[in-house]
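Numbers here simply count residues along the sequence, with the first being 1.
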Amino acid sequence: MLTEKDYCDKDTAFALQELGYNPYMFYDDGTPAIHLWYAQKWLREEKNIIVYPEKNSFGWYYAIHYNVGKVHQFKYSEECDSYEEALSEGIKEAIKILKDE
């Protein structure tokens, strides 16, 4: 069952929209309702940034893989409490990378 934690928060949703994501669902207040999975897929397919939630014996993390020119870059996160938190935080970091380009 989907809950609020399965969707991007308001600031993230608007930032994705500014970067070109075309939302198809909206909350009553006009905020885009963007599922984390769709944001992850869009970043991968349209922006060539891959966000991987990962788990090890210490907890959840995210890894981001992307290219700057022909150079492959990657970032890793601090520990997160859940898969959804790791994915959400990874998406936020991917947005920062795109805005810095």
Side-chain angles (χ1 to χ4, degrees):
M1 175 174 212
L2 296 177
T3 64
E4 184 178 331
K5 70 180 181 177
D6 296 303
Y7 290 86
C8 296
D9 62 36
K10 185 177 187 174
D11 292 337
T12 303
F14 281 123
L16 287 166
Q17 193 173 15
E18 287 174 9
L19 290 169
Y21 184 90
N22 188 16
Y24 61 91
M25 292 185 338
F26 294 86
Y27 294 110
D28 290 339
D29 68 356
T31 304
I34 303 173
H35 191 281
L36 292 172
W37 182 85
Y38 287 115
Q40 179 189 34
K41 182 177 180 180
W42 181 79
L43 287 166
R44 182 180 68 246
E45 292 181 352
E46 300 297 326
K47 300 297 184 179
N48 296 314
I49 296 180
I50 300 171
V51 179
Y52 292 111
E54 300 176 350
K55 186 174 184 179
N56 64 23
S57 59
F58 298 107
W60 286 98
Y61 298 82
Y62 67 78
I64 300 176
H65 294 259
Y66 61 102
N67 292 322
V68 175
K70 293 185 178 186
V71 179
H72 182 78
Q73 302 285 320
F74 55 89
K75 288 189 174 190
Y76 293 98
S77 73
E78 300 291 324
E79 185 177 346
C80 298
D81 292 330
S82 67
Y83 174 91
E84 292 81 8
E85 181 184 354
L87 182 53
S88 179
E89 293 303 314
I91 291 167
K92 290 175 187 178
E93 187 63 30
I95 289 167
K96 288 179 192 174
I97 291 167
L98 288 169
K99 287 186 172 185
D100 287 344
E101 288 184 342

>> So does Thr3 get a backbone contact from the side chain of Asp6, meaning a donor-acceptor N/O pair under 3.5 Å?
In response: yes

> Does Trp37 share a hydrophobic cluster with Phe26, counting links as ILVMFWY side-chain heavy atoms below 4.5 Å and allowing steps through other members?
Replying inline: no

> Rounded to the nearest 0.5 Å, how far apart are CD of Glu46 and CG of Asn48?
Replying inline: 8.5 Å

>> Return the NE2 to CG distance between His35 and Leu87, rounded to the nearest 0.5 Å.
In response: 9.0 Å

> Between Pro53 and Ala86, which heavy-atom pair has the shortest distance, and what is it?
Replying inline: CB-CB, 4.3 Å

> What's the shortest heavy-atom distance between Ile34 and Pro23, and which atoms?
Replying inline: CG1-CB, 4.3 Å

>> Please check if the number of heavy atoms outside Glu78 that lie under 6.0 Å from its CD is greater than 12.
In response: no

>> Minimum heavy-atom separation for Ala39 and Leu16, please, with both atom names.
In response: CB-CD1, 3.7 Å

> Which residue pairs satisfy the side-chain hydrogen bond (donor to acceptor under 3.5 Å, both in side chains) criterion with at least one member in residues 50-60, sequence neighbours excluded?
Replying inline: none

> Could you state the interatomic distance from CD (Gln40) to OH (Tyr62), rounded to the nearest 0.5 Å?
Replying inline: 13.5 Å

> Do Phe14 and Ile95 belong together in a cluster built from hydrophobic side chains that touch within less than 4.5 Å?
Replying inline: no

> Where do Ile64 and Gly90 come nearest, in terms of heavy atoms and distance?
Replying inline: CD1-O, 3.4 Å

> Is there a path from Ile49 to Val68 through hydrophobic residues (I, L, V, M, F, W, Y) whose side chains come within less than 4.5 Å of each other?
Replying inline: yes

> Quick one: salt bridge (Lys or Arg N to Asp or Glu O under 4.0 Å) partners of Glu93, sequence neighbours excluded?
Replying inline: Lys75, Lys96

>> Under the side-chain hydrogen bond (donor to acceptor under 3.5 Å, both in side chains) definition, can you give me all pairs with a residue in residues 12-34, not counting sequence neighbours?
In response: Asp9-Thr12, Asp29-Thr31

> Going from CG on Leu36 to CD1 on Ile91, what distance comes out if it is rounded to the nearest 0.5 angstrom?
Replying inline: 4.5 Å

> So if you build clusters from Ile, Leu, Val, Met, Phe, Trp, Tyr with side-chain heavy-atom gaps below 4.5 Å, do Ile50 and Leu43 land together?
Replying inline: no

> For Ala63 and Tyr76, which heavy atoms make the closest approach, and how far apart are they?
Replying inline: CB-CE2, 3.3 Å

>> I'd like to check Met25 versus Tyr38 (side-chain heavy atoms, cut-off strictly below 4.5 Å). Are they in contact?
In response: no

> Looking at Lys92, Glu85, Glu84, which hits side-chain contact (heavy atoms from CB on, under 4.5 Å) with Ser88?
Replying inline: Lys92

>> Quick check on Tyr61: does its OH atom have over 12 non-hydrogen neighbours (other residues, nucleotides or ligands) under 6.0 Å away?
In response: yes

> Just how far is it from atom CD of Glu89 to atom OG of Ser77, taken to the nearest 0.5 Å?
Replying inline: 8.0 Å

